[in-house]
Structure formats: structure tokens, C-alpha cells
Q: 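Let me begin by handing over the structure; questions about it come next.
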Amino acid sequence: MPEQTEGKAGEAGAAPSPSAAAAPKPAAKGKKAEASPADEVNLSRRRFTWAMIWGYLGINFLMFLRFFFPRSLFEPNPIFSIGYPADFALGNDQRYLMTNRVWVIREPDRIFVIFARCTHLGCTPEWKSSENKFKCPCHGSGYDSEGVNFEGPAPRPMDRCHLELDATGKITVDSSRLYVDDPKAGVNHFNDSGAFLNV
Amino acid sequence: MAEDNGEQKRKGLLGKFKDDAEGLKKYVSEKGKEQLEGLKEPEKTQLYRSIFRFKHDETARNRALSVLSNVFFHLHPAKVNRDATKYSYTWGMGGITFYLFIVLTFTGVLLMYYYHPSKVQAFRDILYLENDVPFGKLLRNMHRWAAHLMIIAVWLHMFRVFLTGSYKKPREFNWCVGVLLMVLTMLLSFTGYLLPDDQLGFWAVTVGTNMARATPLLGHEGPFGPQLGMTPYNDVRFALLGGSIVDANALLRAYIWHCIAIPLIASIFMALHFWRVRKDGGISGPAPVMLESEIKDEKGPRPVIMKPSGMQ
Amino acid sequence: MPEPSGPDPITGKSWSTIMLVSTFLLMLTVAWSLWSEFFGLRPWRAYQRDFASAYQDFLGKQIAAQTKAEAAVYSSPEYKKLKADLDAAQQSAKPKDDEFARRIALADLQRTAITPAFQSARGQVGALIYQVEIIPESNKSARDSAKKDVDGAKAETYEVEYPLGDGKTEIRKMNYDQLNAGFTDLMALKASLVAQQAEVDSSVKIAQIKLNEFVKEKLPGPSAAGLQNLRNAMSTFKIDMHQINVNPPGAMLNYVGGIGLVDRCQSCHIAMDPLVVPVTMTLTKADLGRTMAASHDAPFTSHPDQDLFNWHPLEKFGCSPCHGGNGRALDSAERGHGRYEHWLWPLNYRENFTAGCQNCHASDMVTEHAEVLNRGRSLYRTRGCIGCHKYSGFDDENERLTTTRQQIMQLESTKHDYSIEIPRLNHQADIAPDNDTAHKLNARATSLTIESSKIDAQLQTLESVSSSLMRESKRVGPDLKEVRMKLRKEWIPVWLTQTHTFRPTTKMPQFRLEQDEVQKIAAFIWQQGIAGQKLNPVAPGNAGHGKELVESRGCLSCHSIGEDSKTIGGDFAANLSRIGEKENYEYLVRWVHNPRERTLPYCPFEKKDITPEDYKKHRLPFQFDLDHSRCPNDGHQLEVQQPTIMPSLRLSDEDSRDVATYLMAQKHTNATYPPAPYMDDPKLAAAGRALVQHYGCAGCHEITGLEDEGRIGTELTNEGSKPIERLDFARYTEDAKRGMLINGKTSPRGPWYDSKGFFEAKLNDPAVFDHAKFKPDPMDRLRMPAPNLTDPKTHQIDKNDVDALVTFLLGSVDPQLPTEYMYRPADRRHAIQEGWWIVTKYNCIGCHQIGIDQKTTMQDLPFYQAENKANLPPVLTSEGARVNPEWLKRFLANPSLSTTDTNKNGVRNYLQVRMPTFSLADNEIRKLVLFFEALSSQEEPYIAPKSESLTNTETTFARALFTNPAAPCLKCHATGDPAHDKNATAPNFTLAAERLREPWAERWVTDPAKIIPGTSMPSGLFRREGDRWVFTGAIPSEFRSYAGDHANLMVRYLMGITPDEQRRLQGRSSGGGASPPGK
Amino acid sequence: MWWDWHQIWEVASAPDNVPIVALLFFIPFYCWLAFREAKKNDELIAKLEADPAAAKTAHRKTQPYEKGWDREVHTWPYLMRVELLAAILVTVLLMVWSLTLNAPLEEPSNPNVTMNPAKAPWYFLGLQEMLVYFDPWIAGVVMPTIIIVGLMAIPYIDENPLGNGYYTYRQRKFSIWTFLLGFIGLWVLMIVIGTFIRGPGWMWFWPTQTWDASRVDFAVNRNLDDVLRIDGAWMAHLMPGSWKPFSGLIARGIFGIFPVTFYFLASGYFMNWLANRTAFSRKIYKRMSLLQTVTMLMLLALMLSLPLKILLRLVFRIHYVWETPWFSV
């Protein structure tokens, strides 16, 4: 004896539902006379029943959607400490490129952290110390020593990470909070507090 | 609205626009209303009809069609013995089993999204499911309990079929298929037992597969096994576990048996099972009782082999 | 056709109702599942809501208080002044500062102005240059034309609207080079400008810093504003899961314990989240108006030991690696704490928290911040657990010794084979048919000869190693070979039966022995003792003087004396109260004189004591000590010392007698001992031997014939992670599972079927799991004796001791963290780690203060209070920086610094208390020296700084200073002249040269109190004058002109001082001579 | 410790045992349901047998029927609604179950620590229990195979044309009893034993007896030949010297054949007798072909061998009845 899934219950949805049985129409029964009670079908109740079945399926569907978004990941933690400001000499520092995909830039007056992602299509540019610029291997965008684009298709300078001093005076970087400078959009957050540290 | 335009000509541009707007408004409101009306009965929409190729006024024909023209339903006959709908006769266990099988497939597939069949991760993935994945715990519980329920359902189904003698001619073969399906069900559950890679599963499977050591001829501890050169590394148990102990390979094998191989085989047999139910004359009963007095005596020579069915 | 009597029961019945009901149920279940997903499994939401409100109230109060405090400070004159300074500084700096600011801004403007032009120019030129490069050198013409293009591009000018400041701009035509130059120049310019600006602002910065420091000092903790921010944050506090995702960047997916670790503890213990409660703040339940009693109604305290986070940052360690528990489970406290059947790493209970440290700090003897654990470790050692239970890292000299011996024997056999082989080869060579076979054979022979000489070298090393190990290896209990000389016969059985009543503080555990067992064991112990070695009788000494010695020489920093409330002294060694009842006077005299003295040396190879006869056989004098430690029979290293920790105090024979006499008086006069004739029954002894082996007495004691007995107990190195199935709860398994205690009460913490429960039960009563068992044969019973954990005051088992040991055991697990988490430092800290093992082994801390705030046993003794504090042994907190390691080695080897006159302290012979001779093994000395150097972060090896010798003027000046009335050095410092040294309270200068490190000496003379607070050495002898130290006292006129550093001069002089120089000075020294001034 | 209710609760409430507890209710309920139907049918049958005339015309079902009712009803909706309802109710049950009970998850697997008791999944506990009475090769391999084969053979050996498609007891006494014995007695019951009776060390604990892992009980098992003192001593001197050492072995090996063969003959005879008791069963029996008969008798004999062996083992403490170097029974 075969069986129907919720799915089928679904398609059956708008078909005359079981409770239609309450109203076998003479047409349906052919010439056979039949004494059947409660001739009119309680439509609202029928709809309500089906609504609940659909509702159940709907909610389940949503639950399954939620199911695909686990509460914790084991991806590298975007928040990390890069030690004391004094650890960085003038110029750019490659130490955290491999582990965190960032360059730490120390300038006479400030430190900031460039997120090493080309603003064109998201490749990781390389630092060409000879030409004193970042060059993107994918489509040749070039950025100057501050990560500001000057050649190639890149639309805007590379983004900068949020950074702040923790209680012990170490620099904490959060590469999930990025500061954007987009001349076209006319926004520049590079000078927001948190986009750089004064030293 | 051609002649509308005709009139428009004489009017000013502005007025023309006004009227157009008016017309549009009217048009939209009217049509909209009537079509909204139409939506009250979704059965009448084209969309709906494109899916269900029959009308839904409750005529015998449509009731038949709704079953026959539906890929899922049509393994039912259009009409059934009026008493076959009686729960006291059918117990509905076969159906429930199938339903549970589908539930298990759903939940199982979802669980697979988070499960790696590897010694390092298997156990941790279960923890992950329990603690980190929304509804993961619920799904795992459902999967497990549905599996247990399915086994009970299968047994009761068999029990019922026996008690109503529904295995008798012409349903002998389908009974055999049923028996195989039952075995497969238990194997499904058994292979799934190992997957969390916890003590419970590990030792259950160890105990279970250790019996295979003793397979006559094929197990390295079974009768005449050693004489045939069976060792822990070439006997049937090894074939089951992919190793001499329950380890990474065993886990992977269990996983594949559980998620792909057995479900596949089972579904084939299920198809067969259901098809045969129809072909062997639908659900077995309740049939009209037979009387002892009506048994015809055997005629003709008695073959020593079992008699082909139909001889009576 | 007939009408049916009724409606068709199938087609005629409507199911709508039941359908409705069932679908309704369906909806209910779905609602339920949603509820459980979002609330049922999320108890922490309630906690957080609760916390947010309570915390806000708390912060409110804080803010009020803080604002008041701040107001007070801001109105204080100091603050006003500093503020004023700051403003002034700013004022003065302002014009220049603004100027720079303006120019920097301009530079930025200009750069932005030329950047676009420059970028396009650079791009173009770059591209063209590439074009040039790809044309082969050979094709000159093409190359040139290409070059031209480049030049063209370079020459091409761009119009730049170049800002000139205050809004004015000019149109400049700039070609590539100009742009390039301009760009780089501007960058450089800006850099320099910024630098100059910083220069200008430096005064401001300084003032600012001063101000900040002042404020920080006056107003510790977060500022009112900060608090306010916190509070605002809390008012909009988002109820959400707080988790630490321990997954260091760049790490593999599976990290801590093989998996990315996620700890959610902070979701309930929300105050532990530094983002919620800053590390500079602490929060207690009391602060939030909660009581400790209701334990997990509000888990709202901040971490009690915030310092730990400096070395154990949360983002690296999370919570559960140290504390245990199931860090991710949040659906209930029980599951989160991992306190359910199938979680292998449950949360440690409060009293065992420090168990977690052992995970990584297993190789420490002393771990900071982990008092309980440390106590556990030292108990494990001192209470003799180690005697039966191996624990890797703990006192394994014996094992190492055995392996060394095996190596030795193996090498010797090889050597022996060679010695046979070589002549054989030579012989064959002689009879060899032809030359080159002969050569071959000879060559082989010679190579073997060389080989065997190599082996000799190896053997020598191994021998020295084994002798060193033999010195290191100590036993917990006394040597029982000398029992006949030492003990009163009748006392032994009494001791065995009532160990803990006779001496409540003894280390020896109480064994559970049947009376006959006691007799057998006692008999064996008695009869295995060395017989026939009579000690010649000694006259009794002066008990009174003995008492003084015991109290003054420092015996009491290890030993205690007196009973119950009258007990004084340390608990490191035995309590001497009833020693008189058991000891034999002559033996005691010998022991006090030198505890390491042995009656007969023991040869580990022949496995027997070497008797005078053996020596006679080889015509050797019967003399054995550390310098004569080779066996007369086989030349191997002998055990020539008592394997006891107790050092020699180098007392004279008289003193030893006096002490012994005094000690012999320590007894209960009314104590009686039944005669024990059976002690001489050889049959009993034979049975006794088996028993002694069975109970593993040889683990702690040296016993004839059982010297090499191994440890009988299970190894406990990984006891903590032993699966519960392997811990036999015997008849109590079910009770333990159901939380019923052995005494029938219900256990406060519910089921105790876990390691903790087992350890506790076992330590409280080692026999517990024999209860209700039927074991008529005592040999079947559990052997573990009752360790002495009773608190002598309460006579109850000291719960703290049990907790400490349990903590230690719970922490002893197979490593679950990646090896890089293990604390195995390679740098100085390693030396410190190593050193503590020895320092605690010999109880150096009984007399010396080594750790900064560590207390010594001695400083609490009644004889060292008030003015007697000066008689305490030296504080060693800066020893590493103070002394020359070479000297320290010598000193540790022989603290009297003299071979002849040893009855004194080498350095501070003015002290009553005596630095004893531990006859440490070289290995130990090495470790100790490194330890001290590491403690005061000194480099190793030490290379003395070169100091230029004094000119004559300097010498005379130095002498003048030295004898200056303002600095009566020789008043206190010893000189070697007995008359003078009577009142000396400081070391002799003649030692300085080889003992002290110059830099330290300089720091010392200038400000001793800074190095050792409360030292009797006067501070303020020198005052800072510019960059040099100048003597504070009156300086003789002729030296006023001296430009050098006085302190340095003084030190250099001291380093060169000789005895007769000293004598010469003594005459002149105003404070010198027998009578200090002021008398 | 006796009367330990906590123990029972512990076992019964273990999440994985819930299905078995459920089984304890399902089986009786459905048996009751089935036999209620059977009773009705049997009464109807009796009536009709008594009155052949009526038999010609009567509506041969217990289910009510009246003229004018459809003999067949539309699957849609009349069957569908049953199925839909069943689906919904099962879903509800499942959800509630999953929300109230968590699927067990124990310690990470560890080959060095065996759980005590180490139990197979509940639905295989029958086999595991069989392991106590038979060698693994029988309990673990032969028996399961025979069960499967036997089940599949049923339709081919059951020659009773009656009771096809309706519940009846009278018309199928023999087969129904056999099946009940097999399914309930030898399968479900064994599972229940394996779950509730078998404690640590697979020892037999009566309900309300504490599962004490440290319990020690005396269970020496002898082979039948030991009991009968078969040592082949007398054979020894009929043999060439080189064989002598094996005489005992051989003697036992040969001896074992007798009880086994005897059992099969005896049980076969017994079954035969059983199957020939009523006139009806004789009739059916006559219809069966030789092969059918033999197969049936074999299967029945094998089935009965289980309870018999249980008896031998538990009561007479007999380990093997037939011991050979290669296999033992």
C-alpha cells in the first residue's frame, strides 16, 4: 500500500480534500441515490486545514534555510593582535600578509592597515619594493605605497582595516571592519578614527 | 479602444493624457478585481491546471484522474475495495514505513551537509550538529528515532501480512521482496549506527561484525575458514570493514553503504514491491472468507517439485 | 431497489474534524520545536537580561563615585598646576604648530593635485619603457625610435592646477620628471614636516604625559566617561551568544585539541568578556547584589585572576582548555560544564581549578598563580607518594642510575671480549699464511685496541654520571641498614602499628598490618640491619647548649620540635619531640655531626655492602667518602653517603654531642615498650622479607638486599585521564553513580562516579574499596597505606591537602593540547623551571627568601623576631646579579669556603645560623647557579666587566672615603680579626674581589634598601650629582677636584682590597677596632 | 541488590531502549486487534459452514455492507485521507519524540576501552543473545540466513489455501502458532531479554536486580560428551599408535553425530505428528509435495533447536552437544 509524502499532500492541496467526502455530489455518484448527511462542505474549515499543512511545510522550509547558517565557524578569526606600534618601522610590513592578508603601513605620523584585496576583482596584489608600489597580478591595477590606486582598472584605493589599541597597548586589527575611500561615490573613511592610529 | 483614439484626436494633448490615465485606471481596477476574484479558487488558475491536468468538479472521472494522472498517486488504483480503507485491517504499517523512509531521506540528506566520514571529524561533526547548527539537534533526533520507528513498522507490517495470509498465491514473490526489504532496513539502521563514531556505535559495530569472523568457510574463525586460508586480512569481515579493525575505512564504508548503496537498492526493491502490490491484485483484502468445504482436492500427478502457482 | 438502511460508513463520513485536530497538533509540534530552538535551548538569554540590568545599576553607582573622585582630583592644586603647564606648553607651541599644520595640509593638497597627472604619466612612461625592453638590443634603430617615444612621453607636459596655499593656485605645466620629482619631494617634505611638528610639540607631549600619569595615579581604573560609555553600551545591550573562536589565523582547520575550539562560556559568564567588563575592572557577585550561596543563579563575576590573561590570551586559549567543560554546549549548565556521563573533560570543581595548569605546566615544580597545584606537587614528593608511584619528571634518579649501570656493564663485557679478541688476532697474524692477511689481522687488532680505549673514556663519563646521580638520588625515608645501631629494638613494632599516633606529623604513611605481619616485618627489618658494627661510646654533652644550637643553627627551619600547640619549626623534616624514645645516643651524635656518614659503603654492582674485609683484601685503608668512592673490588662508584636530604651543619664534635644530648631528652618519660623477643627469630624474618617487598617499603627506605626494588604502585603520570572503567569503585560503584556517599549520606555534588570522586575517596581512606569485600588473606587487600594528611591541630584529615593532591592528579592527563601549548621554555625560564625542583628538594626556601614575596619558615620562628631579624640568613632575591657564578659554584660545594676550618660560615661567619653542606651533585650545583642567574636575568656564562685599576690618587682618595666617619664600613663588615668580628654584621671585604659582580656592588653601595628592603646596610652614602654619584659625607679638600664617579671608585677599590690593605686601614678607620662608636 | 527499581528505570529510560518499550505495547495491542478480527471472521465462517444455503448468498465479510453502497470506493479521497492522516500523526509522534528525547552520543570511540555491556543495536540483540547458546558461526551467520530463507520460503511451503486475505485463527492454527512462536517467542522475546535482562558481562540479571559489574557467578559449561564420559579410551587400543593421541578427539567427533541426528529425526517425527492431529491439517498436509514437507520439517526443526539449546544451556549447563576441531554445535 503506497504512501503520500508531505509533498503530495501539497499537490493534493487544492484538490477536493478528504472532507469533500462530506459532500458526495449526485453527479459524482452517478444515478445511484445516496443518503448522505451534511450536504454543504465547510469550505473555510477545509481551507484552514490545508493552510495549516502548508504552514507546517513552509515553516519547515524556513527551518531548513536557517539550518544552513551554523552559529560558529572555524575560519581564521578576523580580529587579531599585531603587537606594539613600536614594532613597526617606517614603510610597509609584510609580516601579516600570509596569515591575515594585510599589510601594516607605518608613516611618520600614523599607522594603518591595508587589507590586501584588489578593489577591482579581489585578487591579492604584490608589493614591488623596486617600484615602490602594489601591483595586482590579475589585471594590473597599481597602488602606491599607501594603497592608493594610480593605474589599471582598480576603481578605488585598497580598503583599510579597523585597528585599535587594546588594554595592554597592543594593536588589535579587525579585518572584518573595513574603511573605504571611494572618490566616485564621494565617500572617504580613511580619516575616521579607527582607520588609523596616531603615533 | 481604437475609436477612443479617434475621439482623442479632437481633444487637447493634456486632456488626451488625462483620459488615457482615466481609462487605464478603470481598466486596471476592473480587470484586477475580476482576476482577484478568480484567485479565490486557485483550482481554476491556468498555473494550477497546467500542473493538474484535470478539472476539479467532483465527478467520478476527475476523482479517478486525480489519482491516475499524478505521478505520485498513480501507483494506487483509481478505486479500491471499500474495506481496504479500514485501519483495523491494514494497520497502515507499509505506508508508514515508506513515509518514514522518505522522512529519513530528507533528514539524512540535510545531516550530510555537516558530516565528514573521517576518524578525525566524524564525532566532532555530531557535536557541531548538536550545538552549533540550528535545528541540527532536532534533525539528528528525528533521523535516529525515525529509523527506530521504521524498523518497528516493518516488523509489524510483516506481522500483519502474515496474519492475514496475504503472502499466499499470488503474492508469494512480493512477500519475498518484502523480507529482503526488511533486511535492508535493518542494515540501513545498522550502518548508520557507526557514523557518529562514538563508543556506542563503535562497539555495536565491532560486536556485530565480529560475528562475520565466524562465517563458515569465509571467516577466519569460522568452520573450515582457517583450513581455506582465511586470515583477518582476507576474510569476509575484512571485506565489510576494509580493515582488520573498525577504523577509518570501516567508517567510510559504513557511510557509503548507509547513504548511497543501500538506499539505492532499497528503493529499487520498493518500486518492485509497490508495483507487485498492484499487479498481484491490489491490497490483499479483506477478502471474502473461504470455507473449508470449498477446498478442491488436488487433481493430476503430484510433481515432486513445488507446484507452480495457479494449480489448484 | 431497496434503500440502504443507513449512510455509507465510508463515503458518508466526513473526516474534516479529525483532520483539523491532527493538523492543529502538527502546528503545535512545529511551534514547540521553534520555541525549543530559540528559547528552550538558550537559558543564557535570561542570564544576560538579568546581568544587563544589574550591571547598569552597578555602573551607575560607580559613575557617581568616580565623578566625585575626579572632581576632587581636578580641583586639586597639583592637577591645576600640571594642567596649567600643559596649557602653557600648548600656548608656546601653538604658533609654530599651526604653521606646520598649515604646511602639511598644503603639501597634502599639492600632492593630491599632481597625483592624477603623475599617475597617468607614470603609467604611460612605464608602458613605453616596456616596449623598449622587448625590442632586442640588436635591432638598434627600432630601439632608438622606441626610446624616442619614451623621451616624448617624458617630455609631454601636463597642466596641473598647483595650489600655493591660502586658496591661491597657479597652472603649472609639468612633464614626467617634474611630476615624479614633485611627487617624491612632497612625500619627503611631509615626512620632515611631521617630524618637525612632533619636535615642536614635544614639550606639549611631555606635559600631557605628566598630567596623564598624575591622573592615572590618582584615579586608577576606568574614568567616569569610560564607565558612562560602558553603561550606554549596556543600555542598548544585545542579547546574543558570546563566543571565543580559538582559531588562530593561519592555523589549520583542526587546531586546539584537533578541532577549531569554540568556547561559549561567556554567554552565561558574561562578565568574563573583556568587551563587557574591561580587564582593568573587577566585578564580584556582591557588586551586583548577588550572593555566593546561590551558586549558578548568576554567574556574573569577572575572572578572579586577570593577570593570567597576559600570558594566556583568551583568543589563544579560550576557557575549556584550562577549566574543562563542554565549551560549546549552551542548553544547560550541566551540559555546558560537561558534567554528564559521556563527556570526558568535565569542568574542574572550584577546589581543583588549578588542575588545568598541569595540562601544559607538567614540567614545573612550582607554577605561579597555582598555589593548590604546587601544594599538591610538593605533598606528592614529601609525603612519599613518589616512593611507590612513579611520576615522570619526579625524582627519577634511581631509574636513570639503573640504566647507567646497565650501560656500564654492557660496555665492560664488550671491552672484555676485545681483550680476548686482540691477542687471538695477533696470534693468528703471526701464523698467517701470507702478509696481507697478517696485516689485515694486525690492523683489526689495533683498531680494537683503540676501540677499547674509547670504551674506557665512555666508562669514565658514565662512572662520573652515576656517582653524580647517586648523590642526587635521595630516599624519602631513613636508611634501615643501620637500624641496629640507630634504633631501640622494641620501638620498631610500636612504630609500625601506631605510626601516626607516635608522631602525628610524620611523612610515613600508616600501613594496615595484622599483628603477625607487624612482628614479621619488624623482625626482618631488625635482622637485615648491619650487625657487628659497634659505635664507640660517647660521653653525654651539655643539653642546655645543645638547645641553643638547635634553635640558633637553623635546625628548626626544617625540623619541628614540641607537640600539639607547642610545636615550633618547619614541617619539611621530622618532628623531633619523641626522638629520645627511639634513638641510640651514639648514633644520634654521629648523625648530628654528619647525617651523610655511612657505616658501610654499598656497591650497586656486587649488590652488597662493602666491609672492611673487602678493603683489607686489596690492602686498602677502610676509608670511603665522596673523594674515595671507588669500590675496592671492581672499581665502580660506591654509594658512600646516606641517601638523606639532611645536610651536614659542620658542627664540632662537642656541639654534636650537646645537640644529641638535648635531643635525647625529647621523650615521653612515661612511654613504655613491651619487650620484643621475636625480633631475633630468623623464621619470622624470612616471612617478613616477603611482606616488606609486598608493601614496597624499599620504595622509601634503603634495606639490605632490597636496594634495587622498584616502585610497587601504579604510575600516576596520566592518572587523570584514565577511563573511569579502569578505576575500581568495587562495592561502591552503584552508590557512586547514584550520588550516595560511603557514609550513606547523599553526596552534595551528586554522583561521584568520576576520577575526582575516586581520588578523594582513596586519599581519605585508601582501604575504602576493600570495604564489604571478603578478603581473609591480608595479602589480597589493597596495599596502599594511609598517607599522613591529618592536620596535627584538628587531628582530622586536612581537606586542603586532599584537594591539593586530587588537583594534582586530576591535572595529570595525557596532553590534549598541541605541543606548542606546552610550557617547555628554552630560554632563562627553563633554568628557573629546573632550579625550583632542587630548591624545593633541599628546602632552601626554609631559610632563604628567593621569590619576591615568598616567606621562609625561619622568619616566623620566635628567635628571629624584632632586632634578631638581622640574624636571618641572607635574602637571595638578587643573588644571581650579586655574585660571580664561579664563586657561587665553589660556595655551594663547600659553604665554609675552607677545607681546614669548617666549623663556620664561609661568608657570614658572624651569623649564628649555619649554611649547611649539602654535598650537592655537580649537576645540581650547575642547575642552581643557572637558576639564580636566571632569576635576576643575568647572562650566562658570566664574563666579568673589565675595570681599570686605580691610580695612586684614586687609591688614597678611596682609602679616605673608606675610612670616612660618614661611611664606617669596617664598623659592621668583618675583617677576619676575631676581636672585631664579634660585632661584625656584614661580610668581609676581602671576599668581594672573587665573590661580587661590580655592577651589582655599585647599585648596592648607592642604594642597598632598593635591592633588599630593611637591610642594615645604610643607604644614602652617595648622592646623584649630574651623571655621577658623589659621596655625601665631608670630602677631604684635596679630592674635591676629583671628577670621577665616587661610588664606582669605591667599588673598584673594594674589588681590589686585600687582607693587609684592610689591616692597614683598620688602624685609621674611625669606626674600626673592637668597640663601635656610640658605646 | 534486589528490588532496585531505579535500575529498571535506568534501562527503560535509556533513549535507545525506548523503541523496545514501545514494542512491548505495540505487539500486544496489534495481537489483540488481529485476534478480534480473526474471531469475527471465524464466527462468520462457522455460521456459513453450518448453513451452506446461506453461504451461497451471504456477504462473506465481517465488514458491514448494504445494497446501494459502493463495493469499491475512490482512492481519492477515501484512501488518501487515511494515508494523509497516518502521515500527519506519525509526523506529530516523531516530532514530539525528537523534542523530548535526545539521540544518544557517548564518548568518542576508543578501541582500548570496551563498554560494559557492549550491546549491538537493539534490533540485533536477538542475535547477540543467541550467541550465548550457539557458536558465532551458527548464531551470527547460519541462523540469520535460515531466518531470512525460512521467511522467504513460507509462501512456498504453506499449502493451506484458506485464510488468504483475511484474519482467521481456526483455518490456520498451525501456521499462526508457528509464526507467533518464531516472531514473538524467539525474536522479540530474545530482544527483550537482551535489553532488560542482560547486564554487564552479559550476565543474567532479573528485573529489579542491580546491574553490578563486579558480580561474579558460577557458570561452568560442560559438553555433552563430558557428561557421558566419552573419552575414546576404548577406541584407543583399536587404533594405530600414531592415532592414539587423537582417540579422544575422534571419539567425541563421532559421538556428537548421534545426538544431533537423533534430534532432527525426533523433531521431524514430532512435527509430523503435530501436523497430522486434526482432519483438516491432515488434508492440508496431504496437499504438500515431498520437498515442501521436508523443507518445512527442516525449518521447524532448526527453529525448535533454539529453545532446546537454551534449555540445555541454562538448565543443564551443556555447552556443546557435538564438538569437532573445526566446528561445534
Side-chain angles (χ1 to χ4, degrees), chain B residues 63 66-67 76 79-83 85 92 95-96 99 123 126 138 140-142 144-146 148 151-152 156 162-168 172 175-176 179 186 190 193 196-200 202-204 207-208 211 214-216 222-224 284-291 295 298 304 306, chain D residues 19 23 30 33-34 37 41 44-45 48-49 60-61 63 70-76 78-79 82-83 86-87 90 94 97-98 102-109 115 118 120-121 123 136-137 140-141 148 151-152 154-156 161-167 179 280 287 289-292 326-327:
Chain B
R63 286 189 163 179
S66 63
V67 173
H76 281 317
K79 285 185 154 204
V80 291
N81 178 332
R82 62 173 291 121
D83 301 323
T85 60
I96 291 174
Y99 176 60
F123 183 78
I126 306 300
L138 180 67
R140 179 167 174 256
N141 294 349
M142 282 181 84
R144 182 150 189 136
W145 301 141
H148 287 340
I151 288 182
I152 297 181
L156 290 177
F162 185 90
L163 289 180
T164 58
S166 308
Y167 57 84
K168 299 191 176 190
E172 303 99 320
W175 162 270
C176 298
V179 171
M186 281 154 78
F190 184 62
Y193 222 68
D197 192 30
D198 65 346
Q199 284 287 67
L200 192 62
F202 179 88
W203 286 105
V207 171
M211 297 184 188
T215 318
F224 307 107
S284 60
V289 298
M290 260 182 87
L291 300 184
I295 302 177
E298 292 305 315
V304 183
M306 297 186 180
Chain D
L23 214 53
Y30 282 106
L33 193 60
E37 296 290 307
N41 279 331
L44 176 65
I45 292 167
L48 297 182
E49 290 281 9
R60 291 192 172 194
K61 286 188 189 176
Q63 285 79 5
D70 305 348
R71 288 199 172 283
E72 289 200 322
V73 296
H74 279 287
T75 305
W76 180 275
Y78 303 115
L79 177 54
V82 185
E83 296 173 345
V90 170
L94 203 53
W97 189 356
S98 311
N102 283 335
L105 179 69
E106 303 197 335
E107 298 87 347
S109 67
M115 334 230 316
Y123 40 82
W137 69 274
V141 185
I148 296 168
L151 280 172
M152 289 163 83
I154 288 177
Y156 300 99
L162 302 184
N164 184 345
Y166 54 91
Y167 293 96
F179 194 78
F280 174 69
R287 295 164 58 88
S289 73
L290 186 54
L291 184 51
Q292 284 173 312
W326 309 279
F327 65 90

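Residue numbering restarts at 1 for every chain, and letters A, B, ... go by the order of the sequence lines.
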Q: Mark yes or no for whether B:Arg82, through its side chain, and D:Asp70, through its backbone, hold a donor-acceptor pair below 3.5 Å.
A: yes
Q: Does D:Lys61 use its side chain to pair, donor to acceptor, with the backbone of B:Val289 at less than 3.5 Å?
A: no
Q: Measure the spacing between CD1 of D:Ile45 and CE of B:Met290 and express it to the nearest 0.5 Å.
A: 10.0 Å
Q: Counting only heavy atoms closer than 4.5 Å, note whether B:Tyr167 contacts chain D via side chain, backbone, both or neither.
A: both
Q: Counting only N and O atoms by type, is there a donor-acceptor contact under 3.5 Å from the side chain of B:Asp198 to the main-chain atoms of D:Glu107?
A: no
Q: For a quick test of reading the model, state the closest non-hydrogen atom pair linking D:Asn164 to B:Gly165 and the distance between them.
A: OD1-O, 3.4 Å
Q: Within this structure, what is the CH2-CG distance for the pair B:Trp175 and D:Leu151, rounded to the nearest 0.5 Å?
A: 6.0 Å
Q: Give, as side chain, backbone, both or neither, the part of B:Val207 having an atom under 4.5 angstrom from any heavy atom of chain D.
A: side chain
Q: Out of B:Leu138, B:Leu200, B:Val179, return the one with the most heavy atom pairs under 4.5 angstrom to chain D.
A: B:Leu200
Q: Name the member of D:Val141, D:Thr75, D:Ile154, D:Leu23 that forms the most heavy-atom pairs with chain B at distances under 4.5 Å.
A: D:Thr75
Q: Show, in sequence, the C-alpha distance, side-chain angles and deciding distance for B:Thr164 and D:Glu37, and conclude whether the side chain to side chain contact (heavy atoms under 4.5 Å, CB included) test is met.
A: CA-CA 10 Å; B:Thr164 58; D:Glu37 296 290 307; over 6 Å; no
Q: What distance separates D:Trp97 CH2 from B:His148 NE2, expressed to the nearest 0.5 Å?
A: 6.5 Å
Q: Could you tell me how the ring of B:Phe162 sits relative to the ring of D:Phe179: parallel (under 30°), tilted (30 to 60°) or perpendicular (over 60°)?
A: parallel
Q: Nearest 0.5 Å, please: how far is OH in D:Tyr166 from OG in B:Ser166?
A: 11.0 Å
Q: Between atom CG of D:Asn102 and atom CG of B:Asn141, what is the distance when rounded to the nearest 0.5 Å?
A: 5.0 Å
Q: Hey, what do you get for CG (B:Leu291) to CZ (D:Arg60), rounding to the nearest 0.5 Å?
A: 4.5 Å
Q: Between B:Trp203, B:Phe123, B:Trp145, which residue shows the highest count of heavy-atom pairs closer than 4.5 Å to chain D?
A: B:Trp145
Q: Side chain of D:Tyr123, backbone of B:Phe190: donor and acceptor closer than 3.5 Å?
A: yes
Q: Relative to chain D, which segment of B:Leu156 carries a heavy atom at a distance below 4.5 Å: side chain, backbone, both, or neither?
A: side chain
Q: Where do B:Asn81 and D:Arg71 land on the side chain to side chain contact (heavy atoms under 4.5 Å, CB included) test, with the steps shown first?
A: CA-CA 6 Å; B:Asn81 178 332; D:Arg71 288 199 172 283; over 6 Å; no
